[in-house]
Amino acid sequence: MMVQIAVCTHVHILPRLSPTPSPISLSFSCRIPKFETKTNKAWKTQAVKLGAAITASASISGSGSLNSTACEQLVSENDAKKKRVFFLDVNPLCYVGSTASLRSFGHWVSLFFSQVSHSDPVIAVLDGEGGSEHRRQLLPSYKAHRMKFLRQLPASQRFSRGHVGKSHGVIMDVFRKCNVPVIKLEGYEADDVVATLAGQVLQQGYRVVIASPDKDFKQLISEDVQIVMPLAELDRWSFYTLKHYIAQYDCNPCCDLSLRCIVGDDVDGVPGIQHVAPGFGRKTALKLLKKHGSLENLLNAAAVRTVGRQYAQDALTKYADYLRRNYKVLALRRDVDVQLKEEWLVKRETYNDSTTLYNFFKLLEGTTKLTHQSHGSYFSNG
């Protein structure tokens with residue numbers, strides 16, 4: 001297994017240019033085209049739901065995970081003394097819909113540094129080559145629509161999500177100069193690397209904040225694990241916490257993975273049980289999970305006694321292996337061979353952010369004409 005880690009040590013820093021315009025203002029002026037894809041619709045829906053969740057209030061009900069009967073009792077408030085460590089899921093930031101975009105990357109990273117993470121430690125993670133293969137072996141339809149999209153592109157326009165196109169080096173350089181370690185492990189998706197490292201960070205007594213629009217990370221939410229999402233419609237990052245999750249779904253995040261195994265995930269190509277057992281929807285699944293705590297508990301109970309109406313009972317007993325396979329596909333791995341380094345947890349030096357991002361946007365402006373003239377470009381600067 002090849003492990004590629006870029007960690008800044010001593011970087012030669014150029015003095016701030018004055019009166020250089022701030023790159024942060026440039027990022028605000030970079031107009032990102034509105035999505036017309038399923039991804040954009042999902043972001044729009046998430047923005048609306050997030051707003052509702054923030055204003056709503058709900059009591060905690062239901063708990064559990066695959067291997068336990070109940071989750072730990074939730075604490076009312078975070079320990080404010082705990083320091084935060086941010087994980088930046090890079091790949092989704094490099095796309096507008098299905099179009100690779102350096103401008104999108106620069107825009108969201110600029111906002112992230114200036115408005116979200118500030119000087120807190122940041123660890124950037126990229127998808128490795130072949131990271132989805134073990135899940136695709138379990139379920140061939142897993143992210144199959146993305147592979148189909150790539151095959152339909154002309155050969156000159158195909159790009160690797162693991163390498164985020166020919167601009168992989170440009171992205172790595174931005175993070176290096178901004179004192180952010182970058183991790184990319186061959187054979188692993190960024191989600192699994194983040195989940196593994198997040199567990200190690202928690203053991204060190206820190207809080208974890210995952211910067212990503214990926215809903216898969218909701219299975220990690222707890223009192224000490226938050227998500228901060230890039231909301232395209234609001235043009236800002238927005239925190240999503242345990243309180244927001246409970247208000248939105250009226251259940252404990254410990255049930256999130258089990259619930260998705262039953263109802264499926266159309267975006268990732270994971271079919272829900274309703275495809276083979278019509279009528280077994282989200283409402284039924286949520287009711288049963290609140291009672292039994294986890295998918296495994298529910299399946300074990302259904303194997304020896306009646307747990308619900310006949311259609312639900314039949315589905316749970318007949319398609320138990322189907323649901324357990326979904327679990328293996330959707331569960332984030334916590335056993336990736338990567339070890340947290342102490343230097344990744346120190347305060348991030350931010351003095352080079354302005355110069356680095358200014359030069360980055362200036363580079364984009366200088367290559368605009370070349371990008372439009374080159375039909376074989378892997379990456380668009382728009």
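Atom CG of D335 has more than 12 neighbouring heavy atoms from other residues, nucleotides or ligands inside a 6.0 Å radius. Within a 6.0 Å sphere centred on CZ of R334, heavy atoms belonging to other residues, nucleotides or ligands number more than 12.
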Inset, instruction - Determine, step by step, whether V85 and W344 satisfy the side chain to side chain contact (heavy atoms under 4.5 Å, CB included) criterion, reporting the C-alpha distance in whole Å, the side-chain angles of both residues, the deciding distance to 0.1 Å, and the verdict. - result: CA-CA 9 Å; V85 174; W344 299 349; over 6 Å; no

Problem set entry | D89 vs L93, side chain to side chain contact (heavy atoms under 4.5 Å, CB included): CA-CA, chis, key distance, verdict | CA-CA 8 Å; D89 184 15; L93 307 182; over 6 Å; no

Checklist line | Derivation and outcome, salt bridge (charged side-chain N to carboxylate O under 4.0 Å, His left out), residues R135 and E189 | finding: CA-CA 10 Å; R135 289 185 169 95; E189 294 187 75; 2.9 Å; yes

Applying side-chain hydrogen bond (donor to acceptor under 3.5 Å, both in side chains), run through D235 and H107 and close with a yes or a no. CA-CA 9 Å; D235 197 33; H107 177 79; 2.6 Å; yes

Open item on the list: Applying side chain to side chain contact (heavy atoms under 4.5 Å, CB included) to K184 and M172, what does each step give before you reach the verdict?
Closed with: CA-CA 11 Å; K184 181 172 74 69; M172 297 284 282; over 6 Å; no

*Begin with the C-alpha distance, continue with both residues' side-chain angles, and end with the deciding distance and a verdict on side chain to side chain contact (heavy atoms under 4.5 Å, CB included) for C251 and K290.*
CA-CA 7 Å; C251 72; K290 283 184 175 182; 4.3 Å; yes

I would like to know whether S294 and N297 meet side-chain hydrogen bond (donor to acceptor under 3.5 Å, both in side chains); could you show each step before the answer? CA-CA 5 Å; S294 72; N297 290 344; 3.2 Å; yes

- Under the side-chain hydrogen bond (donor to acceptor under 3.5 Å, both in side chains) criterion, do Y327 and S258 qualify, and how do the steps go? CA-CA 7 Å; Y327 189 96; S258 295; 5.9 Å; no

(request) Determine, step by step, whether Q248 and Y240 satisfy the side-chain hydrogen bond (donor to acceptor under 3.5 Å, both in side chains) criterion, reporting the C-alpha distance in whole Å, the side-chain angles of both residues, the deciding distance to 0.1 Å, and the verdict. (result) CA-CA 10 Å; Q248 181 177 355; Y240 188 89; 2.5 Å; yes

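Here the CG atom belonging to D191 is positioned 4.5 Å from the CG atom belonging to D214, to the nearest 0.5 angstrom. Here the CG atom belonging to D268 is positioned 6.5 Å from the CZ atom belonging to R260, to the nearest 0.5 angstrom. A distance of 6.5 Å separates CG in L323 from CG in L316, rounded to the nearest 0.5 Å. The NE2 atom of H118 sits 11.5 Å away from atom CG of D353, with the distance rounded to the nearest 0.5 Å. A distance of 9.5 Å separates CG of L299 from OG1 of T317, quoted to the nearest 0.5 Å. In this structure, S238 OG and H244 NE2 are separated by 7.0 Å, a value rounded to the nearest 0.5 Å.
Looking at heavy atoms from C-beta onward, L257 lies out of side-chain contact with L332 at the 4.5 angstrom threshold. Side chains of D321 and R325 form no contact here, defined as non-hydrogen atoms less than 4.5 Å apart. Annotation: side chain of V209 is not in contact with side chain of V116 (no heavy-atom distance under 4.5 Å). Q274 has its side chain out of reach of R282: every pair of non-hydrogen atoms, C-beta onward, lies at least 4.5 Å apart. Within the 4.5 Å cutoff, the side chain of H134 has heavy atoms near those of the D192 side chain. Under the 4.5 Å side-chain criterion, counting only non-hydrogen atoms from C-beta, I171 is in contact with L102. Between I246 and N252, the closest side-chain pair of non-hydrogen atoms is not below 4.5 Å. D127 has its side chain out of reach of Y188: every pair of non-hydrogen atoms, C-beta onward, lies at least 4.5 Å apart.
What you find for I273 and A315 is that their closest heavy atoms are CD1-CB, 3.8 Å. Contact record, V307 with L298: CG2-CD1, 4.2 Å, taken as the closest heavy-atom pair. Annotation for V109 and L88: closest pair CG2-CD2, 4.4 Å, computed over non-hydrogen atoms. Between I221 and T241, the closest heavy-atom pair is CG2-C, 4.1 Å. In this structure, A312 and T284 approach most closely via the heavy-atom pair CB-CG2, 4.3 Å. The two residues S141 and G269 have their closest heavy-atom pair at OG-O, 2.6 Å.
Under the 6.0 Å distance and 45° angle rule, R348 counts as a cation-pi partner of F113.
Between the side chain of Q219 and the main chain of D216, a donor-acceptor pair closer than 3.5 Å is present. Side-chain atoms of Q313 come within 3.5 Å of backbone atoms of A302 as a donor-acceptor pair (strictly under, hydrogens ignored). Under the 3.5 Å distance criterion, the side-chain polar atoms of N179 are matched with a main-chain donor or acceptor of E349. At distances below 3.5 Å, not a single donor-acceptor pair connects side-chain atoms of T350 with backbone N or O atoms of S119. Looking at Q200, its side chain does come within 3.5 Å of a backbone N or O of L340 through a donor-acceptor pair. Formation of a donor-acceptor pair under 3.5 Å by the D173 side chain with backbone atoms of G169 is not found in this model.
A salt bridge does not link E365 to K362: none of the charged side-chain nitrogens sits closer than 4.0 Å to a carboxylate oxygen.
Checked options R207, K82, K83; the residue passing with D224 is K82 (criterion: salt bridge (Lys or Arg N to Asp or Glu O under 4.0 Å)).
Side-chain rings of F360 and F105 approach one another, their centers coming within less than 6.0 Å.
The stretch residues 107-120 participates, sequence neighbours left out, in these salt bridge (charged side-chain N to carboxylate O under 4.0 Å, His left out) pairs: R84-D120.
Under the 30°/60° scheme for interplanar angles, the aromatic rings of Y319 and Y322 are found to stand perpendicular.
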